[in-house]
Amino acid sequence: VAAAPVAAVAPAPAVAEAAAASRLTILFGSQTGNSKKAAGLVAEAARRWGLQPQVRDMNDYPTKDLKTEQLLLVVVSTQGEGDPPMAAEELHQFLLSSRAPKLPDLQYAVLALGDKSYLQYCQTGFEFDQRLAELGGRRLVERLDCDVTFEDETRQWAEQVLTRIAELQPAPAPVAAGVAVTASVGTSYAPAVAPPPAAVEYNARNPFAAELLEKIQLNGRGSTKETYHLEFSLADSGLTYEPGDALLVQPRNRPALVQEVLQAAHLPEAAPVRLEAEELDLTTALTERLELSVLTRDVLERYAAIAPQHARIREILADKPNLGAYLYGRDVADLLTEFPVELSGQQLAAVLRPLPARAYSIASSLAAHPEEVHLTVSAVRYETNGRAKHGACSGYQADHLAVGEHARVWVDRNEYFKLPPDAATDIIMVGPGTGVAPFRAFVEERAETGATGRNWLLFGNPHFTTDFLYQTEWQQHLKRGTLDRLDLAFSRDQTQKIYVQHRLLEQSRRVYDQLESGGHFYVCGDKNRMASDVQQALLQIIRQESGHDADYAAEYLRQLKKSRRFLEDVY
Ligand code: 2AM
């Protein structure tokens, strides 16, 4: 696509001078690439305003550069319950420490990406925003907290920021159009061209209807786990992906839950509602469009506003330390039952949040399965408040989506969780439970492309007999030499728990040797316990095998992360 011509305006000399003094930096901290993408959108807007922003990755940003910034736009996501992305860890830590410099000359704004289903939604962006102000920085505009769909909001926010930046600069003398502009800030006062039309792609507004070709229960009878292997067709979509990417699946709420919500709200199925200028009946809205199976703080806040008689809701919201515990395991039907109010279908729809798609690490390689995408999905089921609960999207795929039916999907690139660029590089893959999914894709891809690097997988699950996911495939890869080593940790096959990190520690020397010779190390799966335990094991291995102390090991791991040889896809 050719770049549209920019009707640029040359700066008046005085302005050009002022402008040359101020640089615009867009600094992003990204885990999967979304913040990088958002930073790119902001940069694109800035260029349309005639600016030449520097787009920089926090991962490679020397902390000493902070002092030199004058106009800084921070774009950062939050991982899980309030953690910065790996690439932002160092800058974040530095900024929050007492070593951080005063920043009296800084003007800044923060764009925070997050996921509203977590309580600590956009926490990292919040912390950057607070701390930059504490250090003397002045906010250009209020921080924007974006949920998983961020593109439109990001573009709007960028316009707001750029308008503000333009206001801060003295007005230029009007000059003839057509002159190329190379100065930075304050040289142009309106977007020169309209945003280019986005390339045709599948996304939340334009999902691809993928036919389910196959659904197989991977666990044996009597297992505590319920894991499905799903194969979707991408035929005629043009959709592509790489190992390490994720597939977004748009769930539908289960009919039983929709009925429970309707009953708890005393509303008729056909009550009319408007959602984004669209007329729907309430049943359709509750099934297709609105989140029912998890309760989030924003929903509780809006509900409190229409239920003033329930002072208890306001107490719950005010009790910050216990809010998470209250929300956990509750759904919209629980809320409506616990705090009944009289409301219309439209009011209910306005209280609820949009039903977001869920991301699954892709379990297949396109090279091995042309025009298909495979997932490994664990059905989430539990009981709280005396009611059976089901994960919205895992339940949809496990119980409702039948072979031959279509699910709405699109691909979410994970820019960093990728195979090494050099096919000769050794890889260690730690993937217990459904964390094994992307490694099936990795090994398939490497087998198809004839990569020569060694592939080592560490897998764990409760029991060998019922939970050895993709057992025959791994055995075939071992036989063919496309898998060099497979270490298994069946945690409950003996009285003492054995986990993947124990297997790593048993192979301490081998792990260290592979890292020393340039190998990559991947972890996928449970974030809260497994991933941190695996990191601890790795630190112990580095200490033990190098003969150095804990500081050395920490620095070694830090360097692995910086060079993106230690990579996580954890949830
Ligand atoms: P457990 O449930 O028997 O404790 C996939 O869920 C596998 O990861 C299971 O075998 C589970 O063991 C295991 N697991 C649980 N906690 C873990 C941890 N902290 N580190 C590594 N594996 C863990």
Side-chain angles (χ1 to χ4, degrees), residues 79-81 83 86 216-230 246 328-329 358-363 374-383 389-391 393-395 397-398 417 427-443 456-471 473-474 485-508 510-511 521-542 544 553 557 566-571:
Q79 303 305 303
E81 289 300 345
D83 296 322
M86 206 187 270
I216 301 163
Q217 234 274 42
L218 296 177
N219 301 99
R221 224 187 310 169
S223 173
T224 53
K225 303 261 173 174
E226 186 184 336
T227 318
Y228 294 88
H229 173 73
L230 296 114
Y328 187 79
R358 271 65 170 174
Y360 294 87
S361 307
I362 290 174
H374 302 176
L375 301 183
T376 314
V377 176
S378 170
V380 176
R381 304 188 199 275
Y382 53 97
E383 198 182 307
K389 306 282 165 72
H390 309 269
C393 201
S394 64
Q397 291 174 90
F417 200 81
I427 61 175
I428 300 174
M429 300 165 279
V430 181
T434 52
V436 79
F439 303 134
R440 180 176 181 267
F442 276 22
V443 173
W456 176 3
L457 176 68
L458 294 101
F459 173 73
N461 235 353
H463 297 290
F464 171 83
T465 47
T466 54
D467 309 317
F468 193 170
L469 309 183
Y470 304 112
Q471 174 180 8
E473 292 188 15
W474 300 128
R485 221 190 134 80
L486 175 63
D487 284 82
L488 300 165
F490 290 104
S491 50
R492 305 185 200 175
D493 276 347
Q494 58 287 307
T495 44
Q496 273 213 326
K497 286 282 170 89
I498 295 177
Y499 290 148
V500 281
Q501 60 269 29
H502 302 128
R503 297 300 187 214
L504 278 172
L505 287 163
E506 285 167 17
Q507 300 297 324
S508 182
R510 192 185 297 272
V511 173
F521 192 103
Y522 299 86
V523 186
C524 181
D526 173 70
K527 179 187 174 74
N528 293 328
R529 293 157 306 147
M530 185 277 291
S532 55
D533 289 352
V534 166
Q535 274 203 46
Q536 287 312 313
L538 197 55
L539 287 168
Q540 192 183 324
I541 288 169
I542 296 163
Q544 186 178 313
L557 180 58
F566 175 92
L567 292 157
E568 281 184 347
D569 171 10
V570 294
Y571 39 84

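Both ligands and their constituent atoms are indexed starting at 1 by order of listing.
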Donor-acceptor contact below 3.5 Å, side chain Arg503 vs main chain Leu488: yes
Polar contact flag for Val500 and ligand 1 (N/O pairs, less than 3.5 Å): no
Top protein contact for atom 13 (C) of ligand 1, by heavy-atom distance: Tyr499 CE2, 3.6 Å
Which of the ligand 1 atoms, numbered from 1, are nearer than 4.0 Å to a heavy atom of Lys497: 1 (P), 3 (O), 4 (O)
Atom 2 (O) of ligand 1: nearest protein contact (heavy atom, Å): Arg492 NH2, 2.6 Å
Distance from atom 10 (O) of ligand 1 to nearest protein heavy atom, with residue and atom: Ser491 OG, 2.7 Å
Donor-acceptor contact below 3.5 Å, side chain Gln471 vs main chain Asp467: no
Any donor-acceptor N/O pair, Gln540 side chain to Gln536 backbone, under 3.5 Å: no
Exam field: side chain Lys389 to backbone Gly329, donor-acceptor pair closer than 3.5 Å: yes
Nearest-contact summary for atom 6 (O) of ligand 1 - protein heavy atom, Å: Lys225 NZ, 2.9 Å
Atom 19 (N) of ligand 1: the protein heavy-atom neighbour that sits closest, reported with distance to 0.1 Å: Asp533 OD2, 2.8 Å
Interfacing atoms of ligand 1 (cut-off 4.0 Å, heavy-atom, Gly433): 5 (C)
Geometric class of the Phe468/Phe459 ring pair [parallel <30°, tilted 30-60°, perpendicular >60°]: parallel
Residue and atom name of the nearest protein heavy atom (relative to atom 5 (C) of ligand 1), distance in Å to one decimal: Asn461 OD1, 3.3 Å
Within the 6.0 Å centroid threshold, strictly below: Phe417 and Phe442: yes
Atom 8 (O) of ligand 1: nearest protein contact (heavy atom, Å): Pro432 CB, 4.1 Å
Under 3.5 Å side-chain donor-acceptor pair for Ser361 and Tyr571: no
Gln494, CD: over 12 other non-hydrogen atoms inside 6.0 angstrom: yes
Atom 20 (N) of ligand 1 [closest protein heavy-atom partner, distance rounded to 0.1 Å]: Gln501 NE2, 3.0 Å
